[in-house]
Amino acid sequence: MLAVPVAAQDDAEPTAAPEAKQKDESIAFAADKVEYDSIGDVVTATGGVLLSRDGYQLRADKVVWNRKTGEVTAEGNIRSAAPDGSVAYGDAIALTDSLRDGIVENLLVVLEDGGRVAAQKGARHTDGKLSLDYAAYTPCAVTKKDGCPKSPSWQVRAVRVDYDPEKKRIRYRGARIELFGLPVIPLPGLSHPVDTEAGTGFLVPNIGYSRNNGLEVKVPYYWRLASNRDVSASVTAFSDAAPLAQARFRTLEKNGAFEVGAYATYSRRLSLTGGPATGERDIRGYIDGSGRFQFDRNWSVTGSLRVASDRTFLRRYDISRDDRLRNNLSIERIGSNSYFAINGWATQTLRVGDRQGLQPIALPEVDYRLRLQDPVLEGKLQIQANSLLIGRTSGQDTQRAFASAQWDWRKITGMGQEVSLTVLGRGDVYNSDENASTVTALYRGDTGFQARGIFAAAAEVSWPFVGNAFGGTQIVKPRIQLVAANVTSNLDVPNEDARAVDLEDSNLFALNRFPGYDRFEDNYRITYGLDWALRLKNLHVDFNIGQSYRLSNRATILPDGTGLSEKVSDIVGRTEVRFKDLVKFTHRFRLDKDNFAVRRNEIDATVGTRGTYFQVGYLRLNRDIAGIEDLADREEIRVAGRVTIARFWSIFGSAIVDLTSNQEDPLTIADGYEPIRHRLGIAYDDDCLSIGLTWRRDYQDTGDARRGNSFLFRLAFRNLGV
């Protein structure tokens with residue numbers, strides 16, 4: 001082995017130059033054999049030749065260096081590496097002695113990100129740029145895991161390809177995309193980045209068809225404003241509707257991030273009953289945004305914005321199927337033992353028949369909590385102060401303020417019982433007006449100022465027993481709880497946040513089984529239940545069941561059908577099963593205490609792997625609660641699944657069916673089988689290509705969002721833009 005640094009200059013006496021320059025103008029090389037022709041001033045190196053200069057390297061079986069002309073030619077197993085990480089392979093290469101520029105025959109360039117460019121002929125210029133003739137580019141793997149060659153799923157072929165290593169970008173002339181070896185898409189003027197950073201340019205268009213808008217073609221464009229900011233915009237053209245414009249701005253700052261997007265079109269709105277268009281054309285659109293900023297360790301601001309021009313715009317253009325749009329602004333301070341927040345909410349309803357004037361605007365809600373340690377009994381004391389103002393443009397206005405103190409104590413006895421005590425004291429002040437505008441009388445409360453005091457205490461004992469079972473471990477834990485609360489003037493105050501009350505496994509042992517602050521469950525009661533768990537190597541099973549019994553004969557404000565209106569409550573429980581990562585099953589239920597009729601039946605199950613799975617969700621509420629819109633009964637089923645049919649191919653689908661009949665809702669005219677929507681599709685996904693075709697059908701009309709079929713074709717290339 002011979003390694004010799006040779007100066008790249010004539011035999012004449014060199015001119016004076018700084019030491020650094022002399023170092024830059026030298027080539028270091030190693031080879032098994034070196035021959036020097038003193039007459040022609042030619043150096044010939046053979047056998048594992050390595051040349052290096054200024055970060056550029058050249059490996060070959062044979063290298064001939066003409067020191068007079070500065071030309072370097074190499075043959076056999078050529079590997080030329082640049083400082084940017086790109087590596088070129090070829091049969092023969094001619095370079096200058098700077099190793100920066102030259103011409104290569106049968107060139108293969110492996111880029112830093114793993115992408116590959118092959119060409120019949122290529123040239124590297126002094127600035128590091130590459131020019132390739134009759135070339136092909138692909139970011140896909142061209143070898144299998146065992147090293148055998150394979151054809152890429154897609155590639156770009158072009159008459160000429162130019163690569164700029166400084167900008168990390170490839171530009172094409174006469175380009176076309178080939179899918180699985182077939183030329184399908186001509187792309188004149190194509191360019192794209194070759195690293196993981198986004199670059200400015202057009203993105204791949206989206207193509208689809210919908211019942212509402214006909215054939216649609218979406219052309220997106222992306223601007224990279226800075227390393228932490230970008231903008232994406234698109235125009236979607238429809239065959240049966242006016243064009244839709246869309247834009248979204250995102251930024252990541254030192255203390256947080258936010259994004260905001262907008263949609264806009266100019267068209268006529270249809271009536272909510274699906275009748276003909278009325279009125280003149282108008283601007284229709286939607287704005288949404290969200291963000292969070294953390295100013296220091298404790299203080300933060302979070303916000304979200306969602307506003308639509310009308311009630312059917314989001315469904316018409318398949319942006320969202322939400323029926324309410326919530327806007328929120330929150331300022332928070334979180335300390336080690338304290339919490340302070342100022343919140344505001346506003347809601348826009350998209351439901352047919354709902355009056356926007358009755359939608360609440362909560363501004364502000366102020367909440368403060370302080371947690372203290374009890375030095376005597378080693379319990380925890382939490383002090384809370386809360387105020388809330390709710391206004392409506394044409395409905396009931398409510399102001400509320402309360403202060404509370406809650407003490408919690410927990411101890412494990414010597415025999416293993418877990419004992420916990422809770423004591424709560426709270427004082428509330430309310431003021432409301434226009435109460436008669438609230439449709440449900442149970443929610444109104446009395447007009448003017450009202451006050452109430454709440455005092456409650458609870459004691460709970462549970463005793464877990466652990467033992468061996470079925471080759472694993474089982475845990476049996478009986479629980480019993482006693483709760484006492486004073487008589488509370490619940491109906492004198494408005495109910496804004498405690499409306500959707502229902503007995504569930506999650507609130508069976510709660511101190512207050514109403515979901516909010518405006519209602520508190522008074523009376524005396526005893527609650528009892530059993531938790532059981534089984535732990536095997538690959539199987540986890542959890543089960544709980546319970547019931548409560550009211551100890552006094554006082555009337556309750558809980559409506560019939562909630563499972564809590566009588567002295568003996570309904571029976572509630574939950575079962576969860578997990579088997580490896582293949583099965584996840586959850587079942588929640590409520591049984592009528594008198595005849596064991598199923599009042600709530602809820603199932604969520606997933607079976608399968610990531611590539612092949614089946615999901616089902618089923619809900620049936622049969623509580624016979626009349627006249628309260630928040631507690632309406634219903635029945636529905638949701639199914640979804642994906643099946644892998646080949647290594648990269650899969651079929652998928654989902655469906656939602658409304659099973660509500662007059663057995664659940666006496667006022668409905670449905671027959672118990674009303675499909676809401678379904679979708680079915682086929683997809684191809686590998687390491688650098690994603691193709692999908694989806695068929696979706698909607699079965700309900702809402703204004704100008706009409707029932708019918710929609711088709712979406714999705715094609716996504718890794719590292720490709722225009």
Side-chain angles (χ1 to χ4, degrees), residues 315 320-324 349-354 439-440 442 499-508 513 515 543-547 558-566 569-577 584-607 613-641 653-680 696-702 705 707:
R315 287 195 59 187
S320 170
R321 295 190 171 273
D322 294 340
D323 57 6
R324 288 178 178 171
T349 182
L350 305 181
R351 295 182 177 183
V352 176
D354 278 7
V439 177
T440 304
L442 196 63
R499 299 182 175 185
V501 59
D502 197 8
L503 179 62
E504 303 177 17
D505 63 279
S506 59
N507 65 6
L508 177 64
R513 288 179 289 200
F543 172 77
N544 64 59
I545 190 170
Q547 188 180 38
L558 291 155
D560 291 337
T562 60
L564 293 166
S565 58
E566 300 184 26
S569 79
D570 285 348
I571 302 168
V572 295
R574 182 187 74 250
T575 303
E576 290 187 359
V577 179
K584 180 181 179 183
F585 173 85
T586 302
H587 178 223
R588 299 178 180 88
F589 63 90
R590 175 156 70 89
L591 304 178
D592 191 291
K593 66 181 187 341
D594 296 322
N595 56 15
F596 299 106
V598 180
R599 299 302 179 191
R600 182 187 188 98
N601 193 14
E602 185 176 0
I603 297 173
D604 288 290
T606 302
V607 179
Y613 61 85
F614 176 74
Q615 296 176 328
V616 60
Y618 172 78
L619 173 64
R620 183 172 189 259
L621 300 176
N622 186 23
R623 301 168 296 184
D624 296 330
I625 304 175
I628 302 177
E629 65 271 22
D630 300 282
L631 302 176
D633 288 341
R634 68 181 187 276
E635 184 179 9
E636 70 176 28
I637 186 170
R638 307 175 308 277
V639 294
S654 64
I656 302 176
V657 181
D658 184 2
L659 302 177
T660 305
S661 65
N662 55 14
Q663 183 177 355
E664 290 80 29
D665 184 1
L667 301 179
T668 186
I669 59 174
D671 60 1
Y673 185 84
E674 293 288 339
I676 304 300
R677 75 183 66 91
H678 76 248
R679 69 183 183 116
L680 183 66
R696 192 190 71 220
R697 180 173 178 84
D698 291 287
Y699 292 87
Q700 295 181 342
D701 290 332
T702 303
R707 71 179 69 188

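Just so it is clear, the model here is predicted, and its values are computed rather than measured.
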With rounding to the nearest 0.5 Å, note down the distance linking [atom1] in [X] to [atom2] in [Y].
X	Y	atom1	atom2	value
Arg513	Asn507	CZ	CG	7.0 Å
Ile571	Phe589	CD1	CZ	8.0 Å
Glu636	Asp658	CD	CG	7.0 Å
Asp323	Thr349	CG	OG1	6.5 Å
Lys584	Thr606	NZ	OG1	7.0 Å

Shortest non-hydrogen contact from [X] to [Y]?
X	Y	result
Asp594	Asp592	N-OD1, 2.8 Å
Leu508	Gly546	CD2-CA, 3.4 Å
Ser654	Ala640	CB-CB, 3.8 Å
Asp505	Arg574	OD2-NH1, 2.5 Å
Asp322	Ser320	N-OG, 3.1 Å
Pro515	Ala500	CG-O, 4.0 Å

Can you find a pair of side-chain heavy atoms, one from [X] and one from [Y], that are under 4.5 Å apart?
X	Y	result
Arg499	Leu442	no
Thr562	Leu503	no
Asn622	Val598	no
Val607	Phe585	no
Arg623	Asp502	yes

Checklist entry - For Leu619, which of Glu635, Arg588, Arg634 qualifies under side-chain contact (heavy atoms from CB on, under 4.5 Å)? => result Arg634

Next on the checklist: Pair Val616, Ile637 - check side chain to side chain contact (heavy atoms under 4.5 Å, CB included), show working.
Outcome noted: CA-CA 7 Å; Val616 60; Ile637 186 170; 4.3 Å; yes

Checklist entry - Do the rings of Tyr699 and His678 sit parallel, tilted or perpendicular, given the 30° and 60° boundaries? => result tilted

Item to check | Evaluation steps, salt bridge (Lys or Arg N to Asp or Glu O under 4.0 Å), between Arg638 and Asp604 | outcome: CA-CA 9 Å; Arg638 307 175 308 277; Asp604 288 290; 3.2 Å; yes

Checklist entry - Taking 4.0 angstrom as the limit, do Arg321 and Asp698 come out as a salt bridge? => result yes

Checklist entry - Thinking salt bridges, do Asp570 and Arg600 make one under a 4.0 Å N-O criterion? => result no

Checklist entry - Going through the distances and angles, do Leu659 and Tyr673 end up as a side chain to side chain contact (heavy atoms under 4.5 Å, CB included)? => result CA-CA 5 Å; Leu659 302 177; Tyr673 185 84; 4.1 Å; yes

Checklist entry - What's the verdict on side chain to side chain contact (heavy atoms under 4.5 Å, CB included) for Glu504 and Val572, showing C-alpha distance, side-chain angles and the deciding distance? => result CA-CA 6 Å; Glu504 303 177 17; Val572 295; 5.8 Å; no

Next on the checklist: Using the rule given for side chain to side chain contact (heavy atoms under 4.5 Å, CB included), can you reason through Arg599 versus Asp624, listing the C-alpha separation, both sets of side-chain angles and the distance that settles it, and then say yes or no?
Outcome noted: CA-CA 9 Å; Arg599 299 302 179 191; Asp624 296 330; 3.7 Å; yes

